[in-house]
Amino acid sequence: MNKYRSHNCNELRKKDIGKNVFLSGWINKKRDHGNLLFIDLRDNYGITQCIIDKENSNFKELEKTQLETVIKINGKVVDRTKDTINKDIETGDIEVVIEDYFVLGTCRELPMPVFSDQEYAEEIRLKYRFLDLRRKKIHENIILRSKVISFIRNEMSKLGFLEFQTPILTSSSPEGARDFLVPSRLNPGKFYALPQAPQQFKQLIMVSGFDKYFQIAPCFRDEDARADRSPGEFYQLDLEMSFVEQEDVFDVVEELLVNTFKKFSNKKLMFEKFPKISYSDTLLKYGTDKPDLRNPLIINDITEIFSRQDITFEIFKKLVKSGSKVRCIVTKNTKDKPRSFFDNIDKWAKEQGASGLAYFTIEGDKKISAKGPVGKFFSEDALKEIMKKTEAKVGDSIFLACSKQKELERITSLAREKIANDLNLIDENIFSFCWVVDYPMFERDEQTNKIEFSHNPFSMPQGDINKINFEKPLDILAYQYDIVCNGIELSSGAIRNHIPDLMYKLFSIAGYDKKQVDTKFSGMINALSYGAPPHGGIAPGIDRIVMLLANEKNIREVTMFPMNQNAQDLMMNAPSEINEKQLKELSLSLKLKK
RNA sequence: GGGGGUGUAGCUCAGUUGGUUAGAGCGAUCGCCUGUCACGCGAUAGGUCGAGGGUUCGAGUCCCUUCACUCCCGCCA
């Protein structure tokens, strides 16, 4: 029999009344009535109320024991009278009368309370993460994470995927994010890099003939943090399949995500077959490549209408002539909204660095007119054309922004979110997945004016590879895709380019000659020339999936031991200085910036 | 690298127009209390108001600098 407990703290029920038991756990809470003391004993599984009175010789000592001390108690399970039953805990029908107790782990005065629903500064939570993790909500988040990962592993196995580990010490890749580097002792002056993703390895696994691979893979990127982005490391469900087209990857991922989200959340799925939106469409209709489809508002481009003579909105017309565009958002049946509703949005837009959002409301039975500060600039015919183009009706309002395309996308995307929130149009009880597809292979860097890969240089260009027009590289689309859920980018993937000649050609467009490709991607390009199967895959972010399922806005709420924004682990004191001997072994010397 | 927010007791926070000895709840310590489940009641201790400088007769409060945390932009194939 176990030395510490006969039952856990969520096990005892009415049927156990009369049993002598022993329990171990943390003192979650004490309620001291002077001659009668209640102790809520907590472990991973739950809480059991234990009770002792002054007749017991242990009473005085136990009364003084600190919260969060780990104790073992011996006692008898007894019934509770009807009026003292606690429905909030699963063991609430019974309690344990303490006969004897032992301290297993003492506890100093706590730097932060464990039993409390209050929010605390993250600094203290991260420093005492082991205390923070005892707290109910985050404890449950971490358990959820574990269960989600187990479930995914199981599903992937059922789908015929094999799990493989890939190296953590690998080589630095020239593309992509900043690498974490590890100096090599045996190869002075040379460095390993931690993998930003097992991208090349998983392709090599396909070339090696394993057909379907997955891994819950740690990924390391030395980039700045965000609320939904841990500094340093995160996990992806990395997967890759041979002899597949885009649709085959979609089928697997849709089945997996639908099953996972149905199992771990009560929220509804807006689509079980995820809609596909092209990259160019999503930028136009939603202003972003991660659209939140719960939001019904859609952006329309009405630039052309501004060339009409009967629109006298000269500021916009002038901007349009110099290359700006006009886009608008229609809000349904907002004619009775107070002036302040519109002005607040305009004011908000100015705070976001835009020149503001013009607006008007469409009115009239027979004669259509526009009410609002800029309404007078639009003739009836012009309004009718706008209504036709945007499907706006009488009683709807239209918010207009005018600017150069990139800035316009930014502000309309933000405005779409802001207006939807103000009008309460977003259903928080829905998960809305979609695919963003047809990414361009290349894009032009605005600063350098150079042609660059827009996403992954290993992606396969679309269409008949013998008919690709390399003269117009910006028109080449790739079999490159993202999954977005509720406006959060969950993953991106691609059908890979497994044809070496085509790869050299594409790299040459981005300014890499054959020799450079051979050096920088030697493993890959070499492997592809020895019989590579067509293959493709994707890598959904585990942390973000759990974040959505746990209904958290911050990735640290689903990460057991996260670093802070400055990429420091306040509990372990990482990163830390190393001593001279270590530096010497690695042939390193420090040259710190002042 | 840039912009916003926050920083007052161990924790969560209040602190008015610059004005006496900086407060509350939780926690800690001590005392009272035998049916609570956020138990209740009373008392005590606990403060470099993030740090430095300035304005002022007087600064938690105003100004400047700086640090920490956080959110965002850049960055993240």
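The analysis underlying the following values was restricted to heavy atoms, covering all of them including side chains, and did not include hydrogens, waters or symmetry mates. By convention in this document, chain letters (A, B, ...) are assigned in the order of the sequence lines, proteins followed by strands, and residues within each chain are numbered from 1.
Ring orientation note: the planes of A:Tyr279 and A:Tyr439 are tilted relative to one another, at an angle of 30° to 60°. Between A:Phe220 and A:Phe180, the angle of the ring planes goes over 60°, which puts this pair in the perpendicular group of the 30/60° scheme.
Panel note: side chain A:Lys202, backbone A:Leu239; a donor-acceptor pair is recorded below 3.5 Å. Of the possible polar contacts, none joining the A:Asp228 side chain to the A:Ile488 backbone as a donor-acceptor pair under 3.5 Å is found. Using a distance-only test at 3.5 Å, with no hydrogens or angles considered, a donor-acceptor pair links the side chain of A:Asn8 to the main chain of A:Glu11. Under a 3.5 Å cut-off, the side chain of A:Gln462 and the backbone N or O of A:Ala478 do form a donor-acceptor pair. Using modelled atom types, no side-chain atom of A:Asn10 and backbone atom of A:Gly46 make a donor-acceptor pair closer than 3.5 Å.
Taking a 6.0 Å sphere around CZ of A:Phe250, one finds it holds more than 12 heavy atoms contributed by other residues, nucleotides or ligands. In this structure, A:Lys127 places its NZ atom where only 12 or fewer heavy-atom neighbours from other residues, nucleotides or ligands lie under 6.0 Å away.
Taking the C1' atom of each, B:rC76 and B:rG60 are spaced 41 Å apart, rounded to whole Å. A gap of 12 Å separates the C1' atoms of B:rC62 and B:rU17, to the nearest Å. For the C1' atom pair drawn from B:rU8 and B:rG47, the interatomic distance equals 8 Å after rounding to whole Å. Only the C1' atoms considered, B:rU66 is 14 Å distant from B:rG7, to the nearest whole Å.
Of the candidate nucleotides B:rC73, B:rC37, B:rC33, B:rC33 has the atom lying nearest to any side-chain atom of A:Asn35. Set against B:rC33, B:rG35, B:rG74, the side chain of A:Glu63 has B:rC33 as its closest nucleotide. Listed nucleotides: B:rC33, B:rG35, B:rA38. Nearest to the side chain of A:Phe115: B:rA38.
Ion pairing between a basic and an acidic side chain is recognised when a charged N comes within 4.0 Å of a carboxylate O; A:Asp40 and A:Lys29 show no such pairing. The existence of a salt bridge linking A:Lys406 and A:Glu409 is excluded, since no basic side-chain nitrogen approaches an acidic carboxylate oxygen closer than 4.0 Å.
Position along RNA chain B of the nearest nucleotide to A:Asp53 versus A:Thr84 favours A:Asp53 as the more 5'-ward residue. When the nearest nucleotides of RNA chain B are assigned to A:Glu95 and A:Asn456 by heavy-atom distance, the more 5′-ward of the two goes with A:Glu95.
A:His33 does not qualify as a stacking partner of the B:rC33 base, lacking a centre-to-centre distance under 5.5 Å together with planes within 30°.
Counting non-hydrogen atoms under 4.0 angstrom, A:Glu452 reaches nothing in the nucleic acid. Nucleic acid contact for A:Ile47: none, since no nucleic acid atom lies under 4.0 Å from a heavy atom of the residue. In this structure, A:Ser459 reaches neither bases nor backbone, as no heavy-atom distance under 4.0 Å exists between it and the strands shown. The residue A:Glu122 sits close only to the backbone: its heavy atoms come under 4.0 Å of sugar-phosphate atoms, none of a base. Among the atoms of the strands shown, only primed sugar atoms or phosphate atoms (P, OP1, OP2) are found under 4.0 Å from some heavy atom of A:Tyr120.
Below the 3.5 angstrom threshold, one finds no donor paired with an acceptor across the side chain of A:Arg125 and the base of B:rC69. One cannot find a donor-acceptor pair under 3.5 Å joining the base of B:rG10 and the side-chain atoms of A:Arg108. Side-chain atoms of A:Arg221 stay outside donor-acceptor range of the base of B:rC76, with no qualifying N/O pair under 3.5 Å. For B:rU36, its base sits under 3.5 Å from the side chain of A:Arg80 at one donor and acceptor pair at least. Residue-to-nucleotide contacts include no donor-acceptor pair under 3.5 Å from the side chain of A:Asp83 to the base of B:rG35.
Here the P atom of nucleotide B:rC37 and the CG atom of A:Asn86 are 9 Å apart, to the nearest Å. One atom, CD of A:Gln565, and another, C1' of B:rG74, lie 13 Å apart when rounded to the nearest Å. The CD-C1' distance, from A:Gln199 to B:rC76, rounds to 15 Å in whole Å.
When only modelled atom types and interatomic distance are considered, A:Glu417 and A:Asn295 share no side-chain donor-acceptor pair under 3.5 Å.
Between B:rG74 and A:Arg178, no contact under 4.0 Å exists linking OP1 or OP2 to a side-chain N or O. For B:rU36, neither phosphate oxygen OP1 nor OP2 lies less than 4.0 angstrom from any side-chain nitrogen or oxygen of A:Arg31. Between A:Asn554 and B:rC71 there is a side-chain polar atom (N or O) within less than 4.0 angstrom of OP1 or OP2.
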Pairs under 3.5 Å (N/O, protein and nucleotides 66-68 of chain B):
unit_1: B:rA68; atom_1: O2'; unit_2: A:Glu123; atom_2: OE2; d: 3.3

Quick one: which protein N/O atoms are closer than 3.5 Å to N/O atoms of nucleotides 25-30 of chain B? Pair and distance per line, please.
none

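The side-chain tip of A:Lys514 points at the ring of A:Tyr504 from less than 6.0 angstrom away and within 45° of straight on.
Paired regions of RNA chain B, where each region holds three or more successive Watson-Crick or G-U pairs whose two hydrogen-bonding distances fall under 3.5 Å, are B:1-7 with B:67-73, B:10-13 with B:23-26, B:28-32 with B:40-44, B:50-54 with B:62-66.
Between A:Phe38 and A:His33, the ring center distance clears the sub-6.0 Å criterion.
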